[in-house]
Amino acid sequence: MCEDTHGIGRRALFVTGAAAALTLGPVSFAAADDGQDQETRTVSGTLPPGCPDFVYVPVEVPAGVREIKVSYTYDRPSVPAGTTGNALDIGLFDQHGTELGGKGFRGWSGGARTEFFVRADDATPGYIPGPVRPGTWFVALGPYTVAPQGLSYELTITLTYGEPGTPVRPVYPPSRAKGRGRDWYRGDCHLHSWYSDGRRTPAEIAALARAAGLDFINSSDHNTHSSHPHWADQAGDDLLIMLGEEITTRNGHVVALGTDPGTFVDWRYRARDNRFGHFAQQIHKAGGLVVPAHPHATCVGCAWKFGFGDADAVEVWNGPYTPDDEVALAAWDATLVASVRNNRQWLPGMGNSDAHRDPDAVGSPQTVVLADDLSREAIQAGLRAGRSYIAESKNVTLSFTATGGRGERAGIGERLAVAADTPVTVRLEASGVPRCTVRFITDEGVLLTSDPLPVAGSGTVEWQTTPSYAAYVRAEIRHETAAGPVPGALAALTNPIFLGQGGQHPDGAATNGLTRD
């Protein structure tokens with residue numbers, strides 16, 4: 001049981017249609033006396049192993065409050081090797097309540113901060129400015145991991161009385177930059193600022209994005225949209241800044257890519273709660289893409305367990321290339337095989353830096369997408385269609401095509417619709433990849449491995465096949481390895497080109513390729 005040492009009310013366990021949550025007794029404040037500036041309450045408790053994912057501490061806020069400030073501490077006892085210790089996240093909901101997907105959200109800092117404040121004209125990064133209206137507010141505690149000894153915490157809540165400040169009207173970045181018409185545009189869509197657990201300001205991120213040769217980025221702070229109004233003065237004709245969120249659940253993380261400004265997506269559920277489809281639909285209604293992040297990461301709660309039925313793309317390369325990415329890449333390739341077999345829509349891969357702080361490199365890797373313009377809608381259309389490849393830096397440039405015997409031609413993410421026995425030439429031109437090896441992968445596996453490219457870093461590799469032999473072809477460019485059968489780290493990766501006429505939809509209608517609708 002959760003030990004409530006508030007001494008001010010009975011705890012209650014309830015289920016919201018998502019993960020079970022625990023609500024403790026309320027913390028009460030009297031109405032402000034004349035001349036009273038501040039009032040503080042300190043409460044404490046202990047959360048046992050197996051505690052619900054979220055514990056809410058109600059705070060009775062009287063009229064006349066200008067600011068609410070919260071700080072907290074918790075113990076970190078030693079634990080045996082291989083056992084998780086204590087980690088306690090924190091956030092805030094206002095008088096609208098804690099209903100899943102409701103209007104009460106006022107901020108989340110996870111474990112990145114030990115204190116925060118909210119008032120009408122300002123708030124701690126991660127929190128939403130706005131009036132502190134009377135009613136029952138809720139400090140949200142998220143026991144991410146709990147040691148065998150339990151997790152003891154102390155929570156200090158301070159109300160400051162007085163006239164509220166003047167709310168600031170948010171201004172958001174434009175949804176279009178100057179662009180170059182139909183062209184290949186470089187982007188990084190998974191980035192963290194100091195509005196969640198990053199250490200960089202939006203200005204610093206934008207400067208690093210420009211230095212990395214990026215044309216677009218997407219904000220993706222954990223479980224908060226509080227950064228959205230702070231990107232406007234960093235956008236420009238040369239840099240499109242899209243807005244989003246990394247929805248960080250206990251069963252995996254997903255990037256909401258390019259949602260409408262001010263869109264908040266709730267994260268308080270697990271796969272067993274069968275709620276993700278609702279919030280994926282919310283992302284789509286807000287004009288965003290659903291992109292599961294680092295699906296095979298090994299950190300607690302990081303691996304993706306919601307399936308890919310609602311996804312528009314999947315992150316197969318996250319930050320510096322690691323064995324987790326190798327697993328993600330193999331699992332993604334298996335989805336391509338299943339798509340070909342069942343003639344269903346396929347899931348494009350993309351890569352992002354997930355950069356938080358130095359020395360994390362913004363734009364490594366980056367997704368290079370063929371789009372009609374440098375706008376939110378055009379970039380999203382290119383990503384959704386899989387007209388993209390992943391590069392480790394701005395130095396890498398690829399051209400990947402398949403050509404039929406009569407001059408038919410298809411590029412990345414497209415289908416070369418020719419007969420099954422038609423000879424097809426697959427051609428990769430690459431630059432910026434010195435001493436790297438090219439591999440062509442089909443539904444059968446790796447069917448070509450080239451000699452290392454020249455030290456100058458540019459080269460061309462061709463391969464002949466037929467649609468009956470290769471249902472699709474994709475390319476990997478790998479760095480050299482010291483020894484052994486394990487392939488080197490990626491320098492670049494393409495989405496596939498599909499070969500052949502396609503098949504029949506379930507309704508019997510003919511199709512010349514797999515759909516993305």
Side-chain angles (χ1 to χ4, degrees), residues 308 313-314 316-317 321 325-351 370 385-391 398-406 408-430 433 436-453 459-479 481 485-504 511-516:
F308 297 95
V314 60
V316 299
W317 182 355
Y321 198 76
D325 299 302
E326 193 70 35
V327 174
L329 180 58
W332 170 67
D333 186 80
T335 71
L336 300 178
V337 173
S339 298
V340 169
R341 182 179 67 243
N342 298 324
N343 191 39
R344 66 189 187 199
Q345 68 178 29
W346 63 283
L347 189 65
M350 68 180 303
L370 180 62
R387 298 191 301 264
S388 60
Y389 64 89
I390 308 169
L398 304 182
S399 173
F400 186 49
T401 58
T403 306
R406 298 182 179 179
E408 306 95 335
R409 183 183 175 92
I412 299 171
E414 298 177 341
R415 174 176 288 280
L416 185 67
V418 295
D421 59 351
T422 300
V424 172
T425 299
V426 179
R427 178 182 176 90
L428 177 76
E429 300 176 25
V433 285
C436 288
T437 298
V438 175
R439 308 202 312 174
F440 288 156
I441 298 94
T442 76
D443 54 307
E444 189 177 1
V446 179
L447 293 186
L448 174 76
T449 300
S450 76
D451 292 331
L453 296 174
T460 300
V461 178
E462 288 190 351
W463 180 60
Q464 278 73 45
T465 188
T466 64
S468 64
Y469 190 57
Y472 64 83
V473 183
R474 60 180 185 83
E476 296 175 358
I477 301 182
R478 300 261 184 174
H479 289 286
T481 55
V486 178
L490 280 176
L493 163 73
T494 74
N495 273 301
I497 301 172
F498 293 93
L499 307 179
Q501 295 286 358
Q504 296 286 322
T511 176
N512 66 349
L514 305 174
T515 65
R516 286 293 307 150

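The residues of the chain are indexed from 1 along the displayed sequence.
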Please name all residues satisfying side chain to side chain donor-acceptor pair (under 3.5 Å) with [X], sequence neighbours left out, ordered by chain then number.
{"X": "Y389", "answer": "none"}
{"X": "R439", "answer": "E476"}
{"X": "S388", "answer": "N495"}
{"X": "T466", "answer": "S468"}

Taking side-chain contact (heavy atoms from CB on, under 4.5 Å) as the test, write out the residues that go with [X], two or more places apart.
{"X": "A328", "value": "P295, H296"}
{"X": "T465", "value": "V424, V426, W463, Y469, A470, L499"}
{"X": "P423", "value": "none"}
{"X": "R427", "value": "T401, E429, T460, E462"}

### Task
Please confirm whether the backbone N or O of L347 pairs with a side-chain atom of W332, one donor and one acceptor, at under 3.5 Å?
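Yes.
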
### Task
Please test T425 against Q464 for side chain to side chain contact (heavy atoms under 4.5 Å, CB included), starting from the C-alpha separation and ending with a verdict.
CA-CA 5 Å; T425 299; Q464 278 73 45; 3.4 Å; yes

### Query
OG1/T494 to CZ/F400 distance, rounded to the nearest 0.5 angstrom?
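Interatomic distance, T494 OG1 to F400 CZ, rounded to 0.5 Å: 4.5 Å.
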
### Query
Atom CG of L493 and atom CD1 of I477: how far apart are they, to the nearest 0.5 Å?
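Going from CG on L493 over to CD1 on I477, the span is 9.5 Å.
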
Give the minimum heavy-atom separation between [X] and [Y], together with the two atoms involved.
{"X": "L416", "Y": "A402", "value": "CD1-O, 3.8 Å"}
{"X": "P348", "Y": "A385", "value": "CG-C, 4.3 Å"}
{"X": "R415", "Y": "G500", "value": "NH1-O, 3.0 Å"}
{"X": "A417", "Y": "Q501", "value": "O-NE2, 3.7 Å"}
{"X": "A492", "Y": "L398", "value": "CB-CD1, 3.8 Å"}
{"X": "A491", "Y": "V433", "value": "CB-CG1, 4.1 Å"}

### Query
If you look only at pairs with a residue in residues 327-336, which of them pass as a salt bridge (Lys or Arg N to Asp or Glu O under 4.0 Å), with sequence neighbours excluded?
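As it turns out, the salt bridge (Lys or Arg N to Asp or Glu O under 4.0 Å) pairs with a partner in residues 327-336, which skip direct neighbours, are D333-R474.
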
### Task
Kindly determine whether Y472 and W346 satisfy ring-ring contact (aromatic ring centres under 6.0 Å, His included), including the steps that lead there.
CA-CA 12 Å; Y472 64 83; W346 63 283; 9.1 Å; no

Show the atom names and distances, to 0.1 Å, of all donor-acceptor pairs under 3.5 Å that link a side chain in residues 440-449 to residues at least two apart or in another chain.
| residue | atom | partner | partner atom | Å |
| --- | --- | --- | --- | --- |
| T442 | OG1 | E444 | N | 3.0 |
| D443 | OD1 | A471 | N | 2.9 |

### Message
Applying side chain to side chain contact (heavy atoms under 4.5 Å, CB included) to R478 and L490, what does each step give before you reach the verdict?
### Response
CA-CA 4 Å; R478 300 261 184 174; L490 280 176; 3.6 Å; yes

